[in-house]
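Worksheet for the structure shown next.
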Amino acid sequence: MKRNRLITLSIPMLTTIVLVLLIHSVFSNVGAAQPARGMDELSAQKQVTVQVIASSRHDASRPLRDLAFVDNGQGTAYDQGFPGLALPKAKTRFPQGGTYRLLPQHQNSPLETMPPPIHNFDGVGNVNNAISVQPPDTQGDIGFDPATGARYYMQWVNLSLAIWDVTDPSNVDQIFGPVSGNALFTGFGGPCEDTNSGDPIVLFDHLANRWLASQFALPERPNPPYYQCVAVSATANPTGAWYRYEIRWPGDKFNDYPKFGVWPDGYYLTVNQFVPSGSGGFNWAGAGVAALERDKMLLGQPANIVYFDLFGVDSDFGGLLPADLDGPAPPEGSPNFFMSWDDTSWTGDPVDTIRLWEFDVDWQTPLNSTFGLSGQPNQTLATSNVDPNMCNYARACIAQPDTSNKLDALSDRLMYRLQYRNYGDYQMLLTNHTVDVDSNDQAGIHWFELQRTTGPWIVYQEGLHAPDTSDRWMGSIAADASGNIALGYSVVNSTTYPSIRYAGRTHEDPLGTLPLGETTLIAGNGSQTSFSNRWGDYSMMGVDPLDDCTFWYTQEHYQNSGSGWRTRIGSFKYPQCLSVPGGTLDGTVIDANTSVPLEGVGIKAAALITQTGMTTTGQAGNYALALPQGTYTVTASAAGYLSATVTTVEISDDLTTTLDFSLAAPMLAADPISLTVSLTQAITSTLSLTLENLGSAPALYSITEAQFMPWLIAEPVGGLILPSELVTIQITLDAGLPAVDQPGLYTGTLIVDYPNPYGSIDISVAMNVLPLPVLPRMYLPAFNEPN
């Protein structure tokens, strides 16, 4: 990349100084949902109540690469959590509405194929777990460190995680792991450290260049309490330090199948909630949604969680996904969008229906936050009438070669993710789910794209991907910066072992089609022959935030029949994708008083209302941000320093702009730093203490006592000291008070406190009280009076 200019600034500016697993599943105790009712009736009778809860524990870890791990989280099968629980609304309770019809199924073109893999390597496998685990819940994401240029892939499956440096496709380097998932919480204490329960999620927050990682913790399984364990990286390097949070899930409800989305004002979360039935099973307890206070979590500060329980609004709500942002930020102030899809046979809707909610969080007054219209969706949209009923929702459904063991289609919910993109002139939501394409339990993938300009959302296109008689399921779909779409999935037939493939379309292809010939990421060489039917329960198609064009997909497969699944990680890119024009902003931040480079300074670059980039400085005080072309206002901020802001910083395509900061801070010095006086009882003495501001910013100070000293008065007790200014403090010591009525040594500490990165000033005070002098007795001679 070319370098075009150098800007060096030192500007003090005053500104205002956050498994699902178990190997054997039992569903007989899952309670049935109540019959669906009309929206008018529900909205008239039921309201949703916002709850604000605080994280029950949080800390900042040492660098992940330096932690001494204790592999204590894998244990026995029972230690791994619960089976993924089915959504009771998917038990058919209403006749299929409308006229059943298939969407057109387009054959893959033999001449036009998907781009080949760029990266293609093994991820974490079941061999890394202490026992056999089903399913892997394959998930991971791609991110980069703008300060070093390194690109990382972090993958977390049940029950292990690992990190790769993928900067060079020809030399992929596994730099961390695999370790138990709860190793991320080593030294944290509590259930997040002590249990390794699964259902993991990893996302790269490209607006801040940070990582989000989470799993649930079930320490008293199958009984409450239940927890969500969340970690946010302190830097763009996932092997560095993390800010860790423990969230006790409210209402003693089990937070099953948690799914996250990154958004500018929060990390958004959905769960399917259950409560113990008392007989070892679970009863359905509705959908739960939450927003986590992202701004606080990025700083490792105590964070709030805004939570809505939708069970009382409509017990049929479930299987929601939050929008997860790729590319440019949404319009300023935009709520996050939550989605579910319902078949007519589930809820009694007249047509198959998308439900859309808006989650509008208010962190200033969290109780003012809203979800939908009193919990009801803000909008509903009809889709084509497809059939999600695979094998009557039985786990044993999709056949494999060489075994009678069948696999779970998990067709009762949307598949992760619900991708959001802001293309400027329109916004997009994109997701998929598994359906029966021939009324004979052949699995295919129904996908749809919603678009919005200035009005409501519309179904812009939808399609059914089933180009032949093979089963295709467990998909994940995404679009790149140019609108090209890629869908990854599992595929199997009577002669093909479960394999990983991907298909797609360019933005110029006919709507509703994925016509490009599918490409194999890896061909399976074995079937799952263990006692479990579980498969998935999800996979992940991500987009590289560095170029906003390269797709990254991870999914499970087998190289030998048995229970030892493997995972694969691969990338590919459409040649038609044009990356958003952009360049790099870099620089160094130093302390204006000491010239020492500052680590952990927050850098925020904002262009109008549509694009914001964030990062933090490294150990050498350096930072770098990849930004779309435009004009930015850049702010550097750190605790104890005055923020510095520079406007009209130009970022040009394929160029680097350097912007250095020198952050101002007050720095007080006291003279003397120790006060000692000897006083006779009942005597008062006044001493002088001088405070001088040697720093480059005003100091608003206050003087407090570290311990009770009624015999001392400091005046003034606070005020403002400008740079280079001296202030004299009068210290009055009074040995005549009742509190010092006995001779002896009285000590204490005065604290001069002010916002600064250096800490407070402690001034020791000692008053030695001497007893009053004893006057000698006087004897007068006797006189005789004269006669």
Side-chain angles (χ1 to χ4, degrees), residues 32-44 46 48 86-103 259 270 272 284 286-287 289 310-311 313-323 336-359 371-390 393 410-416 418-420 428-437 444-452 455-464 475 477 512:
Q34 297 298 316
R37 286 169 283 181
M39 183 177 294
D40 291 341
E41 178 186 354
L42 285 167
S43 61
K46 300 190 176 182
V48 66
L87 300 178
K89 71 177 181 181
K91 304 300 181 183
T92 302
R93 293 174 287 118
F94 298 91
Q96 178 78 27
T99 301
Y100 178 78
R101 69 179 179 86
L102 290 177
L103 289 167
K259 296 293 172 284
T270 66
N272 297 323
W284 172 244
V289 298
L310 303 183
F311 186 67
V313 178
D314 190 332
S315 59
D316 275 338
F317 291 161
L320 281 67
L321 289 179
N336 189 275
F337 303 99
F338 282 58
M339 179 189 291
S340 71
W341 179 91
D342 292 303
D343 188 64
T344 60
S345 66
W346 296 354
T347 58
D349 293 314
V351 293
D352 291 354
T353 300
I354 294 170
R355 286 179 164 83
L356 275 177
W357 289 263
E358 295 180 2
F359 197 148
F371 185 78
L373 304 174
S374 297
Q376 293 291 338
N378 296 83
Q379 188 179 349
T380 59
L381 300 93
T383 70
S384 295
N385 193 22
V386 296
D387 180 13
N389 190 340
M390 287 290 298
Y393 306 103
L410 202 63
S411 59
D412 65 349
R413 67 198 67 189
L414 294 174
M415 288 284 96
Y416 195 62
L418 173 60
Q419 186 202 33
Y420 169 94
M428 181 210 75
L429 290 168
L430 179 65
T431 191
N432 80 104
H433 63 117
T434 302
V435 297
D436 180 355
V437 301
I445 297 175
H446 178 215
W447 60 274
F448 44 84
E449 176 186 351
L450 274 58
Q451 288 192 7
R452 181 185 196 181
W457 291 92
I458 63 168
V459 178
Y460 175 71
Q461 63 173 326
E462 60 177 320
L464 182 62
I477 194 168

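FYI, side chains are in, hydrogens and waters are out, and symmetry mates aren't considered; it's all heavy atoms of this structure.
In this structure, Gln379 has no side chain to side chain donor-acceptor pair (under 3.5 Å) partners at least two apart in sequence or on a different chain. Shown here are the ring-ring contact (aromatic ring centres under 6.0 Å, His included) partners of Phe337, two or more places apart in sequence or in another chain: Trp457. With sequence neighbours excluded, the residues satisfying side chain to side chain donor-acceptor pair (under 3.5 Å) with Tyr420 are Gln427.
In this structure, the side chains of Pro377 and Phe317 come closer than 4.5 Å at one or more pairs of heavy atoms. Proximity of Leu320 to Leu310: side-chain heavy atoms (C-beta onward) are separated by under 4.5 Å at one or more points. Put simply, the side chain of Leu410 does not reach to within 4.5 Å of the side chain of Thr434, judged on heavy atoms. Proximity of Trp447 to Gln461: side-chain heavy atoms (C-beta onward) are separated by under 4.5 Å at one or more points. By the 4.5 Å heavy-atom criterion applied to side chains, Leu418 and Phe338 are not counted as neighbours. Side-chain contact check for Asn378 versus Leu356: every heavy-atom pair is 4.5 Å or farther apart. Annotation: side chain of His446 is in contact with side chain of Thr383 (closest heavy-atom distance under 4.5 Å).
Asn432 places no side-chain N or O within donor-acceptor distance of the main-chain N or O of Ile445, the cut-off being under 3.5 Å. Side chain of Asp316 to main chain of Thr347: no donor-acceptor pair is present (N/O by atom type, distance under 3.5 Å, no hydrogens or angles). Between the side chain of Trp284 and the backbone N or O of Ser315 there is at least one donor-acceptor pair closer than 3.5 Å. The backbone N or O of Tyr416 lies less than 3.5 Å from no partner atom in the side chain of Lys259, so there is not a single donor-acceptor pair. A side-chain donor-acceptor contact under 3.5 Å links Thr431 to the backbone of Met415.
Nearest heavy atoms, Ala382 versus Val459: O-CG2, 3.7 Å. The two atoms that bring Leu429 and Ala323 nearest to each other are CD2-CB, 4.0 Å, heavy atoms only. Taking every heavy atom of both residues into account, Gly318 and Leu87 meet most closely at C-CD1, 4.0 Å. Shortest non-hydrogen contact noted between Pro388 and Ser411 is O-OG, 2.7 Å. The two residues Trp346 and Tyr393 have their closest heavy-atom pair at NE1-OH, 2.7 Å.
Residue Ser345 holds its OG atom at 8.0 Å from CG of Asp352, rounded to the nearest 0.5 Å. Between the CG atom of Asp342 and the CZ atom of Arg413 there is a distance of 12.5 Å, given to the nearest 0.5 Å. We find the CD1-CD distance between Ile477 and Gln419 to be 8.5 Å, quoted to the nearest 0.5 Å. Once rounded to the nearest 0.5 Å, the distance linking CG of Asp343 with NE2 of His433 reads 8.5 Å. Note that CG of Leu450 and CE of Met428 are 9.5 Å apart. Values are rounded to the nearest 0.5 Å. To the nearest 0.5 angstrom, Asp436 atom CG is 5.0 Å from Asp387 atom CG.
Between Phe359 and Phe371, the ring planes lie perpendicular to each other; the angle is over 60°, past the 30° to 60° tilted range.
A salt bridge does not link Asp314 to Arg355: none of the charged nitrogens lies less than 4.0 Å from a carboxylate oxygen.
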